[in-house]
Amino acid sequence: MRGSRLPGLGRDLDGVERTDATFRRTGTRVLPAVEGKVRRCSYKPGWRRLSLRIALGAGVRETGHPATQDLDATVRDTQDLWDHREQVLATLESGGIGAACVLTVGGAAHMALTRERRELIREWVVPTGSSWPQGHAFLGLLAQAAGPRGENLDHARMD
């Protein structure tokens, strides 16, 4: 059942299809009718986008719900944190060091695991200058022929 589309689930929030991504499959190309830039999240499969939205919504709800149920307790806890600033800052400092370590190790693991993919992408992409005949010299001739504002291309206009 590859390529099946579940209506509305995991699409961009405005509902416009910009890539050939489906609910289960990652997008590989932009659809012909789409104009302008396409965000990276449009290439992700729908299940990933949907799970991110559910997780973010649940996180916001779980964070906001206790704070709004008992306002007196929330104010009391906030005042307690303010009164013991040094202890809070020491806790945040050690937590920040731990988070930095986790991010460093995670980044190194990501770099190691995606190295082959990055090398493959580098092989596919050809720089613009080398794809033209005679490299960058050809681009310079094009720029001279057109002039700084396209003044030399008046014959191409349909007035």
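The figures here come from the full heavy-atom set of this structure, side chains too, leaving out hydrogens, waters and symmetry mates. This is a predicted model, so every value here is computed, not measured.
Taken to the nearest 0.5 Å, the CZ atom of R25 stands 9.0 Å off from the OG1 atom of T19. Of the inter-residue distances, the one linking H84 atom NE2 with D80 atom CG reads 5.5 Å to the nearest 0.5 angstrom. Considering NZ of K44 and CG of L50, their distance stands at 14.5 Å, rounded to 0.5 Å. Once rounded to the nearest 0.5 Å, the distance linking CG of D83 with CD of Q79 reads 4.5 Å. With rounding to the nearest 0.5 Å, the separation of CZ in R49 from CD1 in I54 is 13.5 Å. Within the model, atoms CZ of R115 and CG of L113 stand 12.0 Å from one another, a figure rounded to the nearest 0.5 Å.
When the side chains of ILVMFWY residues are joined at heavy-atom separations under 4.5 Å, either directly or via intervening members, W47 and L52 end up in two distinct hydrophobic clusters.
Two residues are said to be in side-chain contact when any heavy atoms from C-beta on lie closer than 4.5 Å; R18 and S42 meet this criterion. Between V60 and L56, the closest side-chain pair of non-hydrogen atoms is not below 4.5 Å.
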I would like to know whether Y43 and V30 meet side-chain contact (heavy atoms from CB on, under 4.5 Å); could you show each step before the answer?
-> CA-CA 9 Å; Y43 289 96; V30 177; 3.0 Å; yes

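Formation of a donor-acceptor pair under 3.5 Å by the S51 side chain with backbone atoms of R48 is found in this model.
Residues forming a side-chain contact (heavy atoms from CB on, under 4.5 Å) with R61 (at least two apart in sequence, or on another chain): none. For the salt bridge (charged side-chain N to carboxylate O under 4.0 Å, His left out) test, residues two or more places apart in sequence or in another chain that qualify with R29 are D20.
The two residues G27 and A21 come nearest to each other via the heavy atoms N-CB, 3.4 Å.
The number of heavy-atom neighbours closer than 6.0 Å to CD of E35, taken from other residues, nucleotides and ligands shown, is 12 or below.
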